[in-house]
Protein chains: 2
Amino acid sequence: MSKKQSILTAATELFARQGFNGTATSEIARKAGVAQGTVFHHFKCKENLLISICDELVTKYVEGIKEAAQGSGTGWDALERVLWFSLNFMAERTESITVAFRETRVLQHEGGELHDHFSALMSQIIDVKRDCIERGQADGSIRQVDPYKTAFLLYILIKGIHHTRAHGLLQVPDLNTEVVEFWRQSLATGNPHQ
Amino acid sequence: MSKKQSILTAATELFARQGFNGTATSEIARKAGVAQGTVFHHFKCKENLLISICDELVTKYVEGIKEAAQGSGTGWDALERVLWFSLNFMAERTESITVAFRETRVLQHEGGELHDHFSALMSQIIDVKRDCIERGQADGSIRQVDPYKTAFLLYILIKGIHHTRAHGLLQVPDLNTEVVEFWRQSLATGNPHQ
DNA sequence: ATGTTGACTGACTAATCAGTCAGCCTGGCG
DNA sequence: CGCCAGGCTGACTGATTAGTCAGTCAACAT
């Protein structure tokens with residue numbers, strides 16, 4: 001693993017546990033096994049380290065759900081694949097997700113450019129889910145609900161699970177199958193046109 | 001408003017916008033219109049300020065849903081009241097909720113005692129919702145779902161809405177009626193025993 | 001009058017932080 | 001071999017921080 005990568009890994013873990021402002025760059029360096037200066041050799045400033053973590057995460061997630069949505073079958077089938085991908089992604093990338101969701105305010109004040117970049121990426125998440133719903137409504141596999149608001153609720157429920165787990169004050173049971181079944185009951189017709 | 005209260009108000013607003021570690025006590029004092037020392041006169045340390053904010057919030061919320069759950073009618077009626085109370089509470093107390101959800105890690109390392117205190121309060125939230133569901137299953141107004149996991153999903157969806165709003169990268173539409181309707185469709189039978 | 005209390009003040013301090021910089025080390029090239 | 005580029009180092013700095021403390025002041029009691 002390159003030094004740059006071990007800095008990213010150490011930073012992700014520390015930011016997740018202690019927060020961005022609660023983590024000293026010297027601590028990141030120590031954990032990564034490099035000198036203080038090396039951190040600033042690879043990242044112009046501490047903030048850029050955070051941006052790197054968030055960017056990599058969101059980009060990978062958007063790619064993943066796009067791929068899951070593109071496969072064959074009905075709109076509901078596609079949506080179910082997106083759901084499962086999201087649930088698995090959440091389990092694998094807990095730390096980065098915690099960081100990306102918690103530290104957004106750092107990404108806000110950056111003259112708007114950075115905010116627009118991430119805003120556009122996040123909108124794609126909603127768009128992919130809405131497309132699945134509209135496709136499902138066209139092929140008869142999904143009920144006539146508001147596609148936009150439902151896409152939001154899909155995103156929100158996944159996000160809520162992550163936050164409740166990450167919060168640490170409640171022991172959250174496994175809910176993956178329940179979540180998919182909840183959405184199947186709310187959305188799927190069971191009778192697509194052939 | 002007492003100086004103590006104006007310190008709490010200022011701290012809540014600043015913690016919500018900049019995070020706990022991103023806010024200096026001198027900044028809180030300035031915003032509250034008091035001297036630096038006054039902050040430490042009323043709160044032994046910065047952390048206690050955070051604990052005060054969280055404690056007041058969670059206690060009020062637990063009281064609120066308990067009251068909402070106690071009223072007359074079917075289990076579903078009670079659950080619907082709890083849902084609406086939660087949605088309104090979330091709208092009114094956005095800042096404190098943002099702080100309480102984001103800064104928990106600060107409450108963790110406190111020798112476990114503090115963790116246990118908040119953990120117990122949070123468990124009550126799940127318990128109240130589960131009681132409504134079980135009451136609804138007894139009177140026939142709610143379907144035979146897993147009460148415990150469903151109570152979690154109820155909590156999680158509400159939490160998810162807050163976080164998505166607070167995240168600031170997506171413009172979230174109003175979803176209150178949609179949320180209640182989704183749960184009605186998933187849970188309510190429409191045919192309670194009389 | 002004198003004493004006591006406690007909210008309140010703001011200058012102060014020891015510690016910590018992000019970021020800098022002068023220079024070290026290593027591998028490739030002529 | 002000498003030379004160079006650039007990844008890498010860690011001591012250093014100026015700024016900021018949480019928390020302290022000696023003391024002011026107004027209210028009230030004796």
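No hydrogens, no waters, no symmetry mates; every other heavy atom, side chains included, goes into these values.
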Just the atom pairs and distances: protein N or O near nucleotides 17-19 of chain D's N or O, under 3.5 Å.
{"from": "D:dA18", "atom 1": "OP1", "to": "B:Thr23", "atom 2": "O", "distance (Å)": "3.2"}
{"from": "D:dA18", "atom 1": "OP1", "to": "B:Lys46", "atom 2": "NZ", "distance (Å)": "2.7"}
{"from": "D:dA18", "atom 1": "OP2", "to": "B:Thr25", "atom 2": "N", "distance (Å)": "2.8"}
{"from": "D:dA18", "atom 1": "OP2", "to": "B:Thr25", "atom 2": "OG1", "distance (Å)": "3.2"}
{"from": "D:dG19", "atom 1": "OP2", "to": "B:Lys46", "atom 2": "N", "distance (Å)": "2.9"}
{"from": "D:dG19", "atom 1": "O6", "to": "B:Gln36", "atom 2": "NE2", "distance (Å)": "3.1"}

Show, in sequence, the C-alpha distance, side-chain angles and deciding distance for B:Glu134 and B:Lys129, and conclude whether the salt bridge (charged side-chain N to carboxylate O under 4.0 Å, His left out) test is met. CA-CA 9 Å; B:Glu134 283 169 350; B:Lys129 292 175 183 180; over 6 Å; no

Working note: B:His163 + B:Lys159, criterion side chain to side chain contact (heavy atoms under 4.5 Å, CB included); need CA distance, chi angles, decisive distance, verdict. CA-CA 6 Å; B:His163 278 104; B:Lys159 193 179 167 85; 3.7 Å; yes

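Classification of A:Glu181 and A:Arg184 as a salt-bridged pair holds, one side-chain N sitting under 4.0 Å from a carboxylate O.
The distance from the CG atom of A:Leu50 to the SG atom of A:Cys45 is 10.0 Å, given to the nearest 0.5 Å.
Across the protein-nucleic acid pair, B:His41 atom NE2 and D:dA22 atom P stand 17 Å apart, rounded to whole Å. The CD1 atom of B:Ile7 sits 7 Å away from the P atom of C:dC8 (whole-angstrom rounding). Counting to the nearest Å, the P atom of D:dG7 and the CD atom of A:Gln5 are 16 Å from each other. Here C:dT20 presents its C1' atom at 18 Å from CZ of A:Phe43, a figure rounded to the nearest Å. With rounding to whole Å, B:Lys3 atom NZ is found 13 Å from D:dA26 atom P.
Within the nucleic acid shown, A:Val34 comes within 4.0 Å of sugar-phosphate atoms alone, with no base atom in reach, counting heavy atoms only.
Judged by distance alone, the side chains of A:His117 and A:Asp55 do bring a donor and an acceptor atom under 3.5 Å apart.
The list of side chain to side chain donor-acceptor pair (under 3.5 Å) pairs with a residue in residues 26-41 of chain B, not counting sequence neighbours, reads B:Glu13-B:Lys31, B:Gln18-B:Glu27, B:Thr25-B:Gln36.
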